[in-house]
There are 2 protein chains.
Amino acid sequence: MGTNDEELRLPVQVGVAFLLAQLGAHGAGRFAERIAELDLTPPQAGLLRMLAAAPGRSQRELADQLGMPPSRFVPFADELEQRGLIERRRNPEDRRLYALYLTDQGFVLLARLAEASAAHEREMCQALSPDERREMKALLERVAEQQGLGRGVHPGFRRLRPGHRPG
Amino acid sequence: MGTNDEELRLPVQVGVAFLLAQLGAHGAGRFAERIAELDLTPPQAGLLRMLAAAPGRSQRELADQLGMPPSRFVPFADELEQRGLIERRRNPEDRRLYALYLTDQGFVLLARLAEASAAHEREMCQALSPDERREMKALLERVAEQQGLGRGVHPGFRRLRPGHRPG
DNA sequence: TATTGTTATACTCTATAACTATA
DNA sequence: TATAGTTATAGAGTATAACAATA
């Protein structure tokens with residue numbers, strides 16, 4: 001149709017920041033598609049990983065770390081509980097709190113999730129040699145640290161749903 | 001409060017894909033905050049740049065490239081038109097079509113937008129030396145090309161609004 | 001009185017689908 | 001009849017705020 005790059009005239013500076021945003025969104029979308037086969041959304045995957053890493057935390061804490069209000073966390077956790085992936089136990093010392101844990105089924109799914117993450121990592125790094133991949137990772141880590149980002153669940157998880165294939 | 005990294009036990013593999021998603025989301029959010037000072041959202045900025053690069057296109061084409069349905073594009077363009085940034089002209093050859101152009105005011109704002117983009121680029125690359133920055137850009141470009149991403153407006157623009165500061 | 005978890009409500013955002021005008 | 005643009009509507013998703021139980 002002739003709607004190609006030749007039409008671009010102004011200095012469309014494609015810098016590092018744009019590439020990061022573009023690749024980040026693309027990768028997050030691909031990851032969402034991949035784990036949709038496990039019937040998981042990115043926030044759900046994030047919660048499973050959080051519970052594996054630090055079991056027994058309260059809903060309030062988990063909701064805070066996921067960046068969602070407690071009122072939204074409740075149905076969010078309900079679904080995973082009904083699917084038998086997580087478990088709510090009352091904290092006997094403070095009976096206002098629930099303590100959330102992964103079930104055995106949850107651990108099984110977590111293993112499959114780890115597989116999917118590894119496959120996603122390989123897919124995203126196809127273009128790079130092992131050395132380049134290490135180099136890229138080192139540079140990204142430097143930038144992330146300087147930008148004040150920790151190793152937790154990243155905020156882009158929050159709004160993602162699979163099936164938003166860009167044209 | 002003791003809710004720190006030491007609690008993490010499982011192999012939380014922080015790979016290239018995760019870092020890209022995390023940094024992409026962070027950068028997109030910071031950019032949205034920055035251009036909010038110009039009263040622009042990322043999709044609005046994207047349209048201004050598209051019109052600068054390829055003037056006179058129809059709403060349908062622009063909506064497609066931005067990944068939004070035509071029904072959503074209408075009020076989206078309305079606002080920018082009312083602010084005097086863009087202009088709708090009837091296409092005399094096919095009077096069903098509008099041709100969209102930047103106004104003089106639109107070009108003025110575009111220049112300020114370019115400044116903001118450059119500042120954002122500097123902010124995101126603070127941790128890197130000039131050489132490292134070139135290296136990073138080259139690696140990102142390779143990955144983006146291999147992943148089939150063009151130089152157009154990236155899909156992450158679609159859902160972003162400023163003011164979603166992550167905790 | 002303060003906090004956890006929960007429910008209810010109201011609101012924003014969005015896509016789908018009807019509608020018009022031009023072709 | 002097909003397409004560009006527009007409008008209307010209905011649905012999903014969300015946060016805010018009220019509520020109950022426990023501290």
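So you know, we letter chains A, B, ... as the sequences are listed, proteins then strands, and number each from 1.
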Inset, instruction - Identify whether any heavy atom of A/Phe73 sits under 4.0 Å from a base atom; if not, whether one sits that close to sugar-phosphate; answer base, sugar-phosphate or nothing. - result: nothing

Legend entry - Distance-only polar pair, side chains of B/Arg88 and B/Gln59, donor-acceptor under 3.5 Å: yes

Inset, instruction - Indicate whether any N or O donor in one side chain lies under 3.5 Å from an N or O acceptor in the other, for A/Arg83 and A/Gln105. - result: no

Answer yes or no: is there an ion pair linking [X] with [Y], defined by an N-O contact shorter than 4.0 Å?
| X | Y | answer |
| --- | --- | --- |
| B/Glu87 | B/Arg89 | yes |
| B/Asp64 | B/Arg57 | no |
| B/Arg112 | B/Glu115 | no |

Inset, instruction - Measure the NZ-CG distance between B/Lys137 and A/Leu20 for me, rounded to the nearest 0.5 Å. - result: 12.0 Å

Under 3.5 Å, is there a donor-acceptor pair between the side chain of [X] and the main chain of [Y]?
| X | Y | value |
| --- | --- | --- |
| B/Arg142 | A/Ala127 | yes |
| A/Glu132 | A/Ser129 | yes |
| A/Ser58 | A/Ala99 | no |
| B/Gln22 | B/Ala17 | no |

Grab the [atom1]-[atom2] distance between [X] and [N] for me, whole Å please.
| X | N | atom1 | atom2 | value |
| --- | --- | --- | --- | --- |
| A/Met68 | D/dG13 | CE | C1' | 12 Å |
| A/Leu66 | D/dT14 | CG | P | 13 Å |
| B/Leu62 | D/dT6 | CG | P | 12 Å |
| A/Leu97 | D/dA23 | CG | P | 10 Å |
| B/Glu61 | D/dG5 | CD | P | 9 Å |

Legend entry - Over 12 non-hydrogen atoms of neighbours within 6.0 angstrom of CD in B/Glu145: no

Legend entry - Any residue of residues 80-88 of chain B with a heavy atom less than 4.0 Å from an atom of DNA chain D: B/Arg88

Inset, instruction - Can you check each nucleotide of nucleotides 7-12 of chain D against protein heavy atoms at under 4.0 Å and return B for base, S for sugar-phosphate only, - for none, in 5' to 3' order? - result: B-----

Inset, instruction - Let me have a per-nucleotide readout for nucleotides 18-23 of chain C, 5' to 3', with B, S or -, counting only protein heavy atoms under 4.0 Å. - result: ----BS

